[in-house]
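I have placed the structure first, in the form of structure tokens, so that the comments after it can refer back to it.
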Protein chains: 2
Amino acid sequence: MSKNKVNIYDVAEKAGVGIGTVSRVLNNSDKVKDDTRKKVLEVMKELNYRPNKLAQNLARQKANAVAVIVPSFIDHFFVEVLKGIQDALEEENIDLILHKIDLNENRMKKIMDIVHSRKVDGIAALTMDISDTEDQELKDSGIPVVLADEFSADFHSIYFDDLKGAEMAVDYLAALDHSRIAFVNGDINSLHGQKRLEGVKKSFKKNNIIIDQKLIKDGDFYVEDGYQSMQEIFELPQAKWPTAVFAASDNQAIGVLQAVEEKGLKVPADIAVIGYDNIELAKYLKLTTIWQPMYQLGYLTIEVLLKAINGELKDIYHKELELKLVKRETA
Amino acid sequence: MSKNKVNIYDVAEKAGVGIGTVSRVLNNSDKVKDDTRKKVLEVMKELNYRPNKLAQNLARQKANAVAVIVPSFIDHFFVEVLKGIQDALEEENIDLILHKIDLNENRMKKIMDIVHSRKVDGIAALTMDISDTEDQELKDSGIPVVLADEFSADFHSIYFDDLKGAEMAVDYLAALDHSRIAFVNGDINSLHGQKRLEGVKKSFKKNNIIIDQKLIKDGDFYVEDGYQSMQEIFELPQAKWPTAVFAASDNQAIGVLQAVEEKGLKVPADIAVIGYDNIELAKYLKLTTIWQPMYQLGYLTIEVLLKAINGELKDIYHKELELKLVKRETA
DNA sequence: CTGTTAGCGCTTTCAC
DNA sequence: GTGAAAGCGCTAACAG
């Protein structure tokens, strides 16, 4: 029977000290005589004592955990970010409570539930655009929040410049002498989708490319959406087909690649393809893409969140992470 | 200033009742007069009161959370499983605390730390083979544990039959008249690797295929390992090349596909490829593979864990999930 | 340096 | 039905 029911009183009694002293050695207080510390430590080991974190947390009014909120669809993008998050958290020995929030449900209510539960000291939200009307309640709660992959004037945020990224992609295609360029966009209702579209248009204008609305598709950021969009493009008269396509995510680029291949066309000879994200797989697919440093995003998000929790941040922290073009073989 | 500092006493006072009553309505106790309940509920809303879960948990001696332990490498396999886990958990409103554990570190110590922290009511461990010598301590702790994708006589476990799966894959290749078959295995030190190798050998024997050790590779379950293994195979004299390869994971199959393609060879005409897992991507790569129902694995794991936590499980639960061959175009 | 005491915010008997 | 009081296991003053 080693059902660990031993608590601080048991240790104190057996060591012949008060519980205050036990608590002190637990918290590495320097004001404990070496002898007593040693004695207490011994008893702890003997009894196989471990502090009850639930009790510690309640007494300290600190949860020693953060919530990470992800959209319901965990895809490659989030996996990369999560890795960064986990690594950053592990170094600090802080628990990661994973919550997923569907786009269609009452997000702010769920978030506020998390806040009020007191089970976390802070929140990292991935790709959650919080509308201005919603955010007041969250702001008022005073809980540290950092937005990853989303900008907000009201919260710490770490983000990429979607416009710039899209522009970069199309510029590259244009430099390769493509003038019939399709854009397979993701969710046009998201800020990401809108900004990327802006970037595409900006580049088109700059490079004197005439916009063909039939070559601009939107859907979502998944593989099937890319596949679907490309299928639709192939329904156009062949003369209208693009010589290059920019997909708003690597996932979609994979779908595009599939569709192109099924058509018996060659990449990049017949149709060049450039993606967005640089997920791990992109390397193996030899996909040219825009690299969003996702791991770094996750890691930095936590670093900032922990600083916020520790009150080390006076102002709202805003940071744009640099995008990079990764040239491989599809464009 | 809405910094939610309101507690059960505030509510009790304002409602003109004792804290016991407030607690009762909080817990939907039936022995509260409708009038008082209504009154208390009103005050709660008015004060925007939410129970402090930290305190609830301490008083109840229950964390309302489970730990999910994953290996440090979160790949597509785990993402699928995680989805199932999350869905199952969400229905029960239980928190998911994600821990990663590296293979090389002191796993049991980390696990026992989690156990003793009291922050979780149970543990779901993915792909963790717990050695017999280690498991005693965990068993003694009495905390509910369920192993996913790993069998153990001592713990609830939900698993696949690796031997059968590998056999199935090679049988299929043999039925396609392949007799020079390479096996690109994963970690040979893992039970999975060993069992799959057994399955391959069993099928070889059954189908009168002579084992060529040069065509049996091992490494790890990642893309690069598959790529690497295939490269090594291509270093053999061309006459020795296989006409088909079975990869122990879809990740590796992707690597194999790459290597084959770079060689200018056609799949499946020159070399057929079959994978293992059926990750989401497999569909788009048209990869023939052995389907391990990963989502179901995650979902069931949580269902079992919650039952164990609620004391609804008398015996150790063991369940083998069925594998299935998914025929697509690479073999 | 160390013991004692009062919380942390809730649940849960135990009386009335 | 409901209030009062005693924990849950720990931290953090407060004395000495």
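Throughout, protein chains are lettered first and strands after them, A, B, ... in sequence-line order, and every chain is numbered starting at 1.
Contacts of Lys33(B) with the nucleic acid, taken as non-hydrogen atoms under 4.0 Å apart, involve only primed sugar atoms and P, OP1 or OP2. Contact annotation for Leu54(A): no contact, since no heavy-atom pair falls under 4.0 Å across all strands. As judged by a 4.0 angstrom heavy-atom cut-off over every strand, Ser23(B) is placed among the base-contacting residues. Looking at heavy-atom distances under 4.0 Å, Asn57(B) makes no contact with the nucleic acid at all. Using a 4.0 Å heavy-atom distance criterion, Val22(B) is classed as making no nucleic acid contact.
Each of dC10(C), dC10(D), dT2(C) was ranked by its minimum atom distance to the side chain of Ile8(B); first place goes to dC10(C). If you check dC10(C), dC1(C), dT2(D) against the side chain of Lys31(A), the one that comes closest is dC1(C). The listed nucleotides are dA4(D), dC10(C), dT5(C); the one nearest the side chain of Arg24(B) is dA4(D). Checking dC10(D), dT11(D), dG9(C) against every side-chain atom of Asn27(A), the shortest atom distance belongs to dT11(D). Checking dC10(D), dT11(C), dT2(D) against every side-chain atom of Thr36(B), the shortest atom distance belongs to dT2(D).
Atom NZ in Lys62(A) sits about 11 Å away from atom P in dA12(D), given to the nearest Å. In this structure, CG of Asp10(A) is placed 13 Å from C1' of dC10(D), rounded to the nearest angstrom. Put simply, CZ on Arg60(A) is 13 Å from P on dA13(D), counting in whole angstrom units. Between the P atom of dG7(D) and the CD atom of Gln56(B) lies a distance of 21 Å, rounded to the nearest Å. In this structure, the NZ atom of Lys39(A) is 18 Å from the C1' atom of dC1(C), given to the nearest Å.
Along DNA chain D, the nucleotide closest to Gln61(B) and the one closest to Asp34(B) are compared, and the more 5′ of them pairs with Asp34(B). Each of Asp30(B) and Leu58(B) was assigned the nucleotide of DNA chain D with the nearest heavy atom; the assignment lying further toward the 5' end belongs to Asp30(B).
Of the candidates Thr21(A), Ile19(A), Val40(A), Val40(A) is the only one forming a side chain to side chain contact (heavy atoms under 4.5 Å, CB included) with Val11(A).
Atom CG of Asp154(A) and atom CG of Leu138(A) lie 9.5 Å apart (nearest 0.5 Å).
Inter-residue side-chain proximity for Asp87(B) and Tyr295(B) is flagged as met; some heavy-atom pair is nearer than 4.5 Å.
Ion pairing between a basic and an acidic side chain is recognised when a charged N comes within 4.0 Å of a carboxylate O; Asp129(A) and Arg107(A) show such pairing. Salt-bridge annotation for Lys45(A) and Glu42(A): absent, with no side-chain N of the basic residue lying under 4.0 Å from a carboxylate O of the acidic one.
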